[in-house]
Amino acid sequence: MKTVLRSISPWPMTIIAIALLSGFSFGQTSNDECTTVYNAFLANRKSPEIEKLQAAIASGKEYLDKCSTLEEGEKVKDYVSRQVPLLQDAVQDQMNYKGLDAALKARDVHQTFTYGKKVLEKHPENLEVILAVASAGYSSTHAANPTDKYNDETIRLAKLAISKLDDPAKAAEADYFKTDKCPDGRTNAVGSMNLAIGNITWSRLKDKKAALPYLYKSLQTGCSTKALPETYQKIGAAYREEFQKLEDDRQAKIKAAEGKETEESGKILALEMGYLDRMLDTYGRAYKAETDSGYGADDREHLLSDLKSLYGGRHEDDMSGFDAWLKGMGTDQLPDPTSTVAPVAAPSPTASPKP
């Protein structure tokens with residue numbers, strides 16, 4: 001036996017015996033060294049800095065690896081064992097926030113959604129992040145190289161933001177939407193989120209009917225989205241589309257009656273006049289908004305020409321009241337485009353509207 005032991009260990013048997021009797025463990029760190037490691041862990045574990053939290057994690061792992069068998073060290077071991085995973089989560093959390101911030105600054109929509117998802121998994125109530133990611137998603141739909149990859153998620157986040165912004169206490173979390181001209185960040189954010197949903201639904205998803213309620217709300221809330229000519233023009237275009245369907249139906253009925261206006265086609269004409277009034281209202285507001293916001297002369301002139309054509313169609317080419325009408329445009333409430341359009345009396349039974 002002695003021969004075998006000598007063959008596997010160069011240490012004399014007396015040294016091995018002493019070591020075993022004294023409780024010595026190969027690789028075991030001393031009490032003083034363990035105390036130093038533990039103190040380093042304690043010193044860094046509550047720091048807000050990633051580097052110090054990482055140092056605490058390293059110290060905690062070192063303690064568990066080298067000091068876990070110390071006598072009467074179970075309480076310390078249990079504490080460190082619980083704290084290390086929490087610290088790892090905290091570090092990952094900070095890294096996700098930093099990644100999101102960098103992605104937003106770089107206008108990298110893919111990384112924005114990657115890190116935004118990670119942050120919101122841990123902090124689903126963080127309205128600032130919800131607004132930032134939704135805004136980035138919306139911006140990506142009208143960038144130089146637009147993407148539709150995040151449309152559904154952008155709409156979901158925008159709707160979530162709107163629901164949270166019902167609470168006035170959330171105002172501070174919408175400061176990002178403050179401007180010198182529009183200092184109410186909360187209502188501006190509501191308008192912007194409605195505009196994002198409306199424009200994505202209209203232009204990217206090609207669902208004009210579903211877009212209208214959000215486009216309308218964007219014109220009613222805050223101030224930065226309340227006078228955008230493009231929004232009025234979209235609503236006007238929706239009216240024009242419905243108007244044309246009615247006119248096609250009316251002309252088919254007149255043709256079937258051998259070119260004669262019938263009671264049925266007359267009712268359609270009255271409804272057309274209702275749509276024509278709605279078109280005039282929205283395009284008139286668009287013209288005023290273009291003028292107020294300094295749009296180019298060509299844009300304004302084109303819209304003015306369209307307005308004159310619509311007005312003439314509504315008033316049998318009598319333009320005497322046009323200037324006064326246009327001057328008073330926008331003084332009343334914009335009709336809700338989702339509300340029923342009521343028929344109105346046509347100028348004459350055979351009037352031909354000009355959309």
(request) Taking the six-membered ring for Trp and the full ring for Phe, Tyr or His, determine whether the centres of His110 and Tyr150 are under 6.0 Å apart. (result) yes
(message) Any salt bridge linking Lys170 with Glu173? Criterion: basic side-chain nitrogen under 4.0 Å from a carboxylate oxygen.
(response) yes
(message) So which atom in Leu165 and which in Ala189 form the shortest heavy-atom distance, rounded to 0.1 Å?
(response) CD1-CB, 3.7 Å
(message) Can a side-chain donor-acceptor contact be found between Thr187 and Asp184 if the only test is distance below 3.5 angstrom?
(response) yes
(message) Are the side chains of Leu304 and Leu326 in contact, using a 4.5 Å heavy-atom criterion?
(response) yes
(request) Starting at OG1 of Thr262, measure out to CD1 of Ile254 and round the result to the nearest 0.5 Å. (result) 7.0 Å
(request) Please answer whether the main-chain N or O of Leu104 pairs with a side-chain N or O of Asp108 as donor and acceptor at a distance below 3.5 Å. (result) no
(request) Could you tell me whether a side-chain N or O of Gln94 sits under 3.5 Å from a main-chain N or O of Pro48, the two making a donor and an acceptor? (result) yes
(message) Regarding Gln251 and Glu247, do their side chains bring together a donor and an acceptor under 3.5 Å, going by distance alone?
(response) yes
(request) Over all heavy atoms of both residues, which pair between Arg278 and Thr340 is shortest? Give the atoms and the distance, please. (result) NH2-O, 3.4 Å
(request) Keeping the roles fixed (side chain from Asp175, backbone from Gly185), state whether a donor-acceptor pair exists under 3.5 Å. (result) no
(message) Between the side chains of Asp78 and Lys75, is the shortest nitrogen-to-carboxylate-oxygen separation below 4.0 Å, so that they form an ion pair?
(response) no
(message) Could you check whether atom CE of Met95 has more than 12 heavy atoms from other residues, nucleotides or ligands sitting under 6.0 Å from it?
(response) no
(request) Decide whether a cation-pi geometry holds between Lys308 and Tyr311; the criteria are a distance under 6.0 Å from NZ or CZ to the six-membered ring centre and an angle within 45° of the ring axis. (result) no
(request) Only one of Lys208, Lys209, Lys234 passes salt bridge (charged side-chain N to carboxylate O under 4.0 Å, His left out) with Glu241; say which it is. (result) Lys208
(message) To the nearest 0.5 Å, what is the distance between CD on Glu62 and CD1 on Ile57?
(response) 14.0 Å
(request) Using modelled atom types only, decide if a donor and an acceptor are shared between the side chain of Thr282 and the backbone of Met279 within a distance under 3.5 Å. (result) yes
(message) Taking the ring centre of each residue, are His123 and Tyr97 less than 6.0 Å apart?
(response) yes
(request) Determine yes or no for a side-chain-to-main-chain donor-acceptor pair under 3.5 angstrom, with Lys46 supplying the side chain and Ala43 the backbone. (result) no
(message) For Tyr38 and Tyr63, take the angle between the two ring planes, folded into 0 to 90°, and tell me which bin it lands in: parallel under 30, tilted 30 to 60, perpendicular over 60.
(response) tilted
(request) Could you tell me which non-hydrogen atom of Leu219 sits nearest to which non-hydrogen atom of Leu334, and how far apart they are? (result) CD1-CD2, 3.7 Å
(request) Working to the nearest 0.5 Å, report the span between CG of Leu212 and OG1 of Thr201. (result) 10.0 Å
(message) For the NZ atom of Lys164 and the CG atom of Leu131, what is their distance to the nearest 0.5 Å?
(response) 10.5 Å
(request) Could you tell me which non-hydrogen atom of Gly313 sits nearest to which non-hydrogen atom of Leu276, and how far apart they are? (result) C-CD2, 4.0 Å
(message) With a 4.0 Å cut-off on N to O distance, would you call Arg285 and Asp332 a salt bridge?
(response) yes
(request) For Thr225 and Ser218, indicate whether the former's side chain and the latter's backbone hold a donor-acceptor pair under 3.5 Å. (result) yes
(message) Please give me the minimum heavy-atom distance between Met193 and Phe177, naming the atom from each residue.
(response) CE-CZ, 4.0 Å
(message) One thing to verify: whether Arg250 and Glu261 come together as a salt bridge, which I'm taking to mean a side-chain N less than 4.0 angstrom from a carboxylate O.
(response) yes
(request) With the side chain counted from C-beta on, respond yes when Gln333 and Gln220 share a heavy-atom pair under 4.5 Å apart, and no when they do not. (result) yes
(message) Ignoring hydrogens, what is the shortest heavy-atom contact between Leu64 and Ser81? Give both atom names and the distance.
(response) CD2-OG, 3.4 Å
(request) Evaluate salt bridge (Lys or Arg N to Asp or Glu O under 4.0 Å) for Lys245 paired with Glu242, printing each intermediate quantity in order. (result) CA-CA 5 Å; Lys245 290 178 183 178; Glu242 291 302 314; 3.4 Å; yes
(request) Salt-bridge test for Asp277 and Arg314: reply yes if a basic N is under 4.0 Å from a carboxylate O, no otherwise. (result) yes
(message) Between Asp65 and Lys61 (side chain of the first, backbone of the second, donor and acceptor by atom type, cut-off under 3.5 Å), is there such a pair?
(response) no
(message) Donor-acceptor pair, distance only, cut-off 3.5 Å: does the side chain of Thr331 make one with the backbone of Gly328?
(response) yes
(request) Answer yes or no: is there an ion pair linking Arg240 with Asp306, defined by an N-O contact shorter than 4.0 Å? (result) yes
(message) Closer than 3.5 angstrom, by distance alone: can the side chain of Asp148 be matched with the main-chain N or O of Thr141 as a donor-acceptor pair?
(response) no
(request) First locate atom OG1 of Thr154, then atom CD1 of Ile200, and finally report the distance between them rounded to the nearest 0.5 Å. (result) 5.0 Å
(message) Determine whether a donor-acceptor pair (N or O, by modelled atom type, separation under 3.5 Å) exists between the side chain of Glu33 and the backbone of Ser30.
(response) yes
(message) Using a strict threshold of under 4.0 Å (side-chain N to carboxylate O), is an ion pair present between Lys327 and Asp323?
(response) no
(message) Between Gln244 and Glu272, do the side chains contain a donor N or O and an acceptor N or O under 3.5 Å apart?
(response) no
(request) Mind checking the SG-NZ spacing from Cys223 to Lys181? Nearest 0.5 Å is all I need. (result) 9.5 Å
(message) Looking at Arg156 and Asp152, is there a salt bridge between them, counting it only when a charged N and a carboxylate O are closer than 4.0 Å?
(response) no
(request) Go through the structure and list residues passing ring-ring contact (aromatic ring centres under 6.0 Å, His included) with His142, not counting sequence neighbours. (result) Tyr138
